[in-house]
Amino acid sequence: MGVSTSDGPQVIGIIGTGNISAAYLKIARDLNLFRVKAVTDMDAARADTVAAEYGIQAMTLEGLLADPEIVAVVNLTPPGAHADVSLKALNAGKHVYSEKPLAVERGDGQAIMDLAHARGLRVGCAPDTVLGAGIQTAREIIDAGRIGRPVAANAFMMGSGPESWHPNPDFFYQRGAGPLFDMGPYYLTALVTLLGGVQKVSATTTTASSQRLITSQPRAGEFITVTTPTHVAANLTLDGGAVVTLVTSFDVPGSDVPRIEIHGTDGTLSVPDPNTFGGPLKLRLRGEKEWTDIPLTRPFAENARGIGLADMLAAAPGQPHRAGGDLAVHVLDVMHTILESAEAEKTLTPRTHAERPAPLDAQPTWLAATLPT
Ligand SMILES: NC(=O)c1ccc[n+]([C@@H]2O[C@H](COP(=O)([O-])OP(=O)(O)OC[C@H]3O[C@@H](n4cnc5c(N)ncnc54)[C@H](O)[C@@H]3O)[C@@H](O)[C@H]2O)c1
């Protein structure tokens, strides 16, 4: 089921040319890990502008999906459109790499995986920040036993909401987004990558305000009606027994709490922001009074959104890729379980399970020939 060939970078198409598309287009241009042949957007003018900027083609959705040269599509539409677009691409015979979350509803996430399996196609999903230098070096330290047995972790995404910077922030306050579905995938994917799948969940939520005022341009002064919780506090028990406190919030004016800390029997690891690829990574062993900065020993310390796609495109037949759909289905399921636990005021068990993906090699084969010196 591998999609690599010896004829140079794989050819892909991008669906959705909004805010995040530049990150994928830039890495394709700068690192040559894959070649973007075409983009499409339901706003054709937006696709035209992006295509002109990168010297590539703007196509209709149908045209892009019918192009035989394009082996995979990257789905950069808003969360509510993910399932529909990914299913269309799979039905057209294309491998799919989706921005997070894989879908809004559990059933849609599973339908994507079922169709992919039936058609022998691959599904990958962001975030691939967990394949970056920061989280991968943290994984190396945990796996080497330097903090002993992981006992607990705390993970905090404390923000005041994207209406101050995103040009089109409505979707962040609808089902399928909010701080949990928008930012939770970074934190949950990092926790599963570092420690293991989620076995048990209990949670509480609140919403500071039913209306949010947009202060970013071009829509400053408009209000958004909030239909999903904006502060979500969860306790998770992971494989291996580590107990995690996870808080995701758009209701916090300011905070100094760390992003992720993992506490083991022999030491604590301070893990970098999982929405980035780099550091800082710090270690404090039991009895030590100071933190030690840990040098990053893995590649990709700078923004490298797209390496999960490169890893998927290069995977050998029968070998799993790392930023995989099954992991994304588990993360989606855990997020629903968190909201359901808060509503039911009960501890719940997620319906799915995921194993830790394999660490990224220090020298991925698809990287050796392509990193600039
Ligand atoms: N903006 C960020 O910083 C950021 C960072 C990481 C991940 N993401 C994720 O990337 C995805 C896109 O986010 P964004 O910020 O770029 O959103 P955006 O609103 O800026 O852009 C989305 C684009 O998709 C197009 N679109 C919507 N439905 C479509 C459809 N059915 N077919 C074709 N085009 C369609 C829209 O016209 C728009 O141009 C989301 O899943 C988000 O969670 C965004």
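All ligand and atom numbering here is 1-based and tracks the order in the structure. In this text the structure is predicted, and so the values were computed from the model without any measurement.
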Problem - Exceeds 12 heavy-atom contacts within 6.0 angstrom, atom CD of E302 - result: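 Result for CD/E302: open.
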Problem - More than 12 heavy atoms of other groups within 6.0 Å of R119 CZ - result: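 Enclosed: over 12 neighbouring heavy atoms sit under 6.0 Å from CZ of R119.
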Handout entry: Residue pairs fulfilling salt bridge (Lys or Arg N to Asp or Glu O under 4.0 Å) with at least one residue in residues 70-81, sequence neighbours excluded
Key =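 Matches after skipping sequence neighbours: none remain.
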Check ligand 1 for close polar pairs with the protein: N or O on both sides, less than 3.5 Å.
| from | atom 1 | to | atom 2 | distance (Å) |
| --- | --- | --- | --- | --- |
| ligand 1 | 1 (N) | N19 | OD1 | 3.2 |
| ligand 1 | 15 (O) | H166 | NE2 | 2.9 |
| ligand 1 | 16 (O) | N19 | N | 3.1 |
| ligand 1 | 16 (O) | I20 | N | 2.9 |
| ligand 1 | 20 (O) | N19 | N | 2.9 |
| ligand 1 | 34 (N) | M42 | N | 3.1 |
| ligand 1 | 37 (O) | D41 | OD1 | 2.5 |
| ligand 1 | 39 (O) | D41 | OD1 | 3.3 |
| ligand 1 | 39 (O) | D41 | OD2 | 2.5 |
| ligand 1 | 39 (O) | R46 | NH1 | 2.5 |
| ligand 1 | 41 (O) | T77 | O | 3.4 |
| ligand 1 | 41 (O) | H82 | NE2 | 3.0 |
| ligand 1 | 41 (O) | K100 | O | 3.0 |
| ligand 1 | 43 (O) | K100 | O | 3.2 |
| ligand 1 | 43 (O) | K100 | NZ | 3.0 |

Distance-only check: which donor-acceptor pairs under 3.5 Å involve side-chain atoms of residues 308-319, not counting sequence neighbours?
| from | atom 1 | to | atom 2 | distance (Å) |
| --- | --- | --- | --- | --- |
| D311 | OD1 | R322 | NH1 | 2.9 |
| D311 | OD1 | W366 | NE1 | 3.4 |
| D311 | OD2 | R322 | N | 3.0 |
| D311 | OD2 | R322 | NH1 | 3.4 |

List the atom pairs, donor and acceptor, that lie under 3.5 Å between side-chain atoms in residues 217-233 and the rest of the protein, sequence neighbours left out.
| from | atom 1 | to | atom 2 | distance (Å) |
| --- | --- | --- | --- | --- |
| R219 | NE | E222 | OE1 | 3.1 |
| R219 | NE | E222 | OE2 | 3.3 |
| R219 | NH1 | N168 | OD1 | 2.9 |
| R219 | NH1 | D170 | OD1 | 2.5 |
| R219 | NH2 | D170 | OD1 | 3.2 |
| R219 | NH2 | D170 | OD2 | 3.1 |
| R219 | NH2 | E222 | OE1 | 2.8 |
| T225 | OG1 | Q211 | NE2 | 3.2 |
| T227 | OG1 | Y173 | O | 3.2 |
| T230 | OG1 | A208 | N | 3.4 |
| T230 | OG1 | D251 | OD1 | 3.1 |
| T230 | OG1 | D251 | OD2 | 2.7 |
| H231 | ND1 | S249 | OG | 2.8 |

Handout entry: Centroid-centroid under 6.0 Å between F181 and H336 rings
Key =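 Under 6.0 Å, so yes.
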